[in-house]
S.K.: 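The structure under discussion is supplied below as structure tokens; questions concerning it will follow.
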Amino acid sequence: MPIDFSVSRWIDNVASAQWARESRVLRGIGEALPDVVVQSPPLAEVHRLDLALFVVFEEAALRVSGALTRLAPTPHALSFAAQQTMDEARHHEMFRCRLATASAAAALDDTAATAQILIPPLRSFIDRCYEVADGGSFIEGMVLMNLVLEGMAHPLYAYEERYWAPLDPYLAQLVRAAFTDETRHVAFGADVVRRLLSEDPDQRAKVAALCRDGRRAMGEIFSVYIREFVGLFDAVARLHPHLFAGAEFAPGRLIAETPYEEQVALIEASISREHARLVARAGLD
Ligand SMILES: [Fe+2]
Ligand SMILES: [Fe+2]
């Protein structure tokens, strides 16, 4: 059954139904920062840095998907790039507002956390995405953004949601909301890449090589961030054990009972497994 990527379906199912539902849940939780985040400096720092990383990713996704509307080769692809642009604008705004709240509570500028978290290899990867999107290749832009950057980030959302649920349920809900949209973005990325390359094996081999190179570069970048954030959460969990008493790292596994190295290894294994599945769906394996 082909995926329906029409704008009218997106308005009915996403903007009108899904987003309205998510906004109700967020209003129910309330946007005030939890006391524990305000009062614990190490927790406040990991909170700001994680939000800053979301802001960096969402801004890149927004700028690339917006540029891809200029390049979309089919009406189907054009319609989807437009929807993704709105999805990413919403994610960018949600995380940016939460970062502004968190930064204000610590009397810091938002840009402090963004500058601290943006490591040079990620800056280079994002610049590469902008060059490809500005230079005119829809399919290559789609591969780098939807299959590599988002495709590899996608498995992390479930972990992020579980880490934040006991500390900042509002942020956990923002992550869940973005995850729902990202699931569509990676599914579309795989679908459009497979369709556009189905009759061109030479181009498919070229795009598969781009995907492999991008996966290698982003694999190293994610490895840095996963180690940093799992380490920061580990330090916070040791400082405030009561907060993590019932918190799960994975279904049925408590954070408090999963050693640092095992958390890192399990997260990296989820990325490898789910990304390999996505690449196969796109016909690039
Ligand atoms: Fe997004
Ligand atoms: Fe996305």
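Both ligands and their constituent atoms are indexed starting at 1 by order of listing. This one's a predicted model, so the numbers in the text were calculated from it and none came from an experiment.
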S.K.: Residues in side chain to side chain contact (heavy atoms under 4.5 Å, CB included) with M152, at least two apart?
M.R.: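 Counting only residues at least two positions away or on another chain, M152 forms a side chain to side chain contact (heavy atoms under 4.5 Å, CB included) with V148, R215, M218, F222, I271, H275.
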S.K.: Over all heavy atoms of both residues, which pair between I117 and L49 is shortest? Give the atoms and the distance, please.
M.R.: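 The answer is CG1-O, 3.8 Å.
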S.K.: Determine the sole option in Y159, F244, F233, Y170 for which the ring pair (Phe, Tyr, Trp, His ring centres under 6.0 Å) test with W164 is passed.
M.R.: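 Only one option passes, and that is F233.
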S.K.: Go around the Fe ion (ligand 1) and count every protein N, O or S atom nearer than 2.8 Å.
M.R.: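 Step by step: take the Fe ion (ligand 1), keep protein N, O, S below 2.8 Å, and you get 4.
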S.K.: Report the residues that fulfil ring pair (Phe, Tyr, Trp, His ring centres under 6.0 Å) with F188, sequence neighbours left out, ordered by chain and then residue number.
M.R.: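 Counting only residues at least two positions away or on another chain, F188 forms a ring pair (Phe, Tyr, Trp, His ring centres under 6.0 Å) with F5, H76, F80.
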S.K.: Okay, side chain of S16, backbone of I11: is any donor-acceptor separation there less than 3.5 Å?
M.R.: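 Yes.
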S.K.: How would you list, by chain and number, every residue that makes a side chain to side chain contact (heavy atoms under 4.5 Å, CB included) with D127, sequence neighbours excluded?
M.R.: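 Residues passing side chain to side chain contact (heavy atoms under 4.5 Å, CB included) with D127: R123, Y130.
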